[in-house]
Amino acid sequence: QLQLVESGGGLVQPGGSLRLSCAASGFTLDYYAIGWFRQAPGKEREGVSYISSGGASTNYAYFVKGRFTISRDNAKNTVYLQMNSLKPEDTAVYYCAADRLAGGSSWYRSNAYDYWGQGTQVTVSS
């Protein structure tokens with residue numbers, strides 16, 4: 001059974017950092033592109049970042065560029081999202097998603113991904 005599990009969320013003060021992990025089980029992530037998404041209460045899910053299957057290509061939403069870094073360790077079957085300089089507006093449930101074909105100009109679209117994790121809550125507050 002293909003499963004993605006996010007971890008690493010929590011409560012952090014503005015300006016702080018968190019590292020989210022997206023671990024796969026039941027399949028190898030080597031051939032899958034990964035997207036990170038987030039959804040705040042009352043808002044639509046939005047694409048945050050993307051990494052290609054081999055890791056050579058990455059993308060970031062404008063509102064996290066320069067603060068977040070996506071990476072992957074295929075040997076550990078895990079993708080990471082390092083989040084620095086966190087702001088209260090980063091508060092949301094963060095999801096990772098996988099798909100063999102996702103990428104290009106549609107990397108940020110939820111419907112480009114077939115497999116989703118259950119999400120991890122990130123709260124940025126003083």
Side-chain angles (χ1 to χ4, degrees):
Q1 182 179 357
L2 280 64
Q3 190 174 12
L4 295 171
V5 178
E6 302 94 338
S7 61
L11 173 64
V12 64
Q13 292 187 342
S17 297
L18 284 174
R19 189 178 79 157
L20 304 184
S21 298
C22 171
S25 62
F27 69 110
T28 177
L29 279 180
D30 291 29
Y31 305 109
Y32 288 80
I34 301 296
W36 280 99
F37 292 78
R38 70 185 187 186
Q39 188 166 21
K43 294 188 176 182
E44 292 187 356
R45 189 172 298 186
E46 58 185 1
V48 174
S49 186
Y50 160 93
I51 189 166
S52 60
S53 58
S57 177
T58 59
N59 282 301
Y60 298 92
Y62 71 92
F63 46 81
V64 303
K65 192 170 289 187
R67 299 189 296 125
F68 290 12
T69 303
I70 191 169
S71 63
R72 64 190 302 154
D73 186 341
N74 285 348
K76 295 183 177 180
N77 224 24
T78 301
V79 173
Y80 304 99
L81 185 68
Q82 178 67 43
M83 306 188 297
N84 298 329
S85 304
L86 284 162
K87 306 175 181 180
E89 51 264 43
D90 294 319
T91 296
V93 178
Y94 283 71
Y95 301 87
C96 64
D99 195 88
R100 284 180 177 265
L101 302 178
S105 60
S106 64
W107 71 266
Y108 60 94
R109 296 186 185 276
S110 298
N111 60 9
Y113 299 83
D114 280 342
Y115 306 105
W116 290 81
Q118 83 291 347
T120 185
Q121 176 71 47
V122 171
T123 302
V124 185
S125 175
S126 55

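Values in this document were obtained by computation on a predicted structure and should not be read as measured data.
Shown here for Y113 and A102, the closest heavy-atom pair between the two residues is CE2-CB, 3.5 Å. Closest heavy-atom contact between T91 and Q121: CG2-NE2, 4.0 Å. For the pair T78 and S21, the tightest heavy-atom approach, listed with the atom from each and the gap, is CG2-CB, 4.1 Å. The heavy-atom pair separating S126 from P14 by the smallest distance is N-CD, 3.7 Å. For the residue pair Q82 and S17, the shortest heavy atom distance occurs at NE2-CB, 4.0 Å.
Taking CD of E44 as the start and CD of Q39 as the end, the distance is 8.5 Å to the nearest 0.5 Å. In this structure, the separation between CZ on F68 and CG on L81 is 6.0 Å, given to the nearest 0.5 Å. Atom CZ of R72 sits about 9.0 Å away from atom SG of C22, to the nearest 0.5 Å. The NZ atom of K65 sits 9.0 Å away from atom OG1 of T58, with the distance rounded to the nearest 0.5 Å. Atom CG of L2 is separated from atom OG1 of T28 by 10.5 Å, given to the nearest 0.5 angstrom.
Atom OH of Y31 is surrounded by 12 or fewer heavy atoms from other residues, nucleotides or ligands within 6.0 Å.
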Apply side chain to side chain contact (heavy atoms under 4.5 Å, CB included) to residues E46 and R38 and explain how you reach the verdict. CA-CA 6 Å; E46 58 185 1; R38 70 185 187 186; 2.8 Å; yes

Trace of the side chain to side chain contact (heavy atoms under 4.5 Å, CB included) decision for Y50 with S57: CA-CA 8 Å; Y50 160 93; S57 177; 4.1 Å; yes

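With sequence neighbours left out, Y32 forms a ring pair (Phe, Tyr, Trp, His ring centres under 6.0 Å) with F27.
Relative to the six-membered ring of Y80, R19 meets both conditions, a distance below 6.0 Å and an angle of at most 45° to the axis.
When hydrophobic clusters are built by joining Ile, Leu, Val, Met, Phe, Trp and Tyr residues whose side-chain heavy atoms come closer than 4.5 Å, directly or via intermediates, Y95 is not grouped with L20. Note: the hydrophobic cluster containing Y115 also contains I51 (ILVMFWY, side chain heavy atoms under 4.5 Å, direct or indirect links). Cluster membership check: W116 shares its hydrophobic cluster with V93, using side-chain heavy-atom separations under 4.5 Å among Ile, Leu, Val, Met, Phe, Trp and Tyr.
A donor-acceptor contact shorter than 3.5 Å links the side chain of E6 to the backbone of C96. Between the N77 side chain and the A24 main chain, a donor and an acceptor come within less than 3.5 Å of each other.
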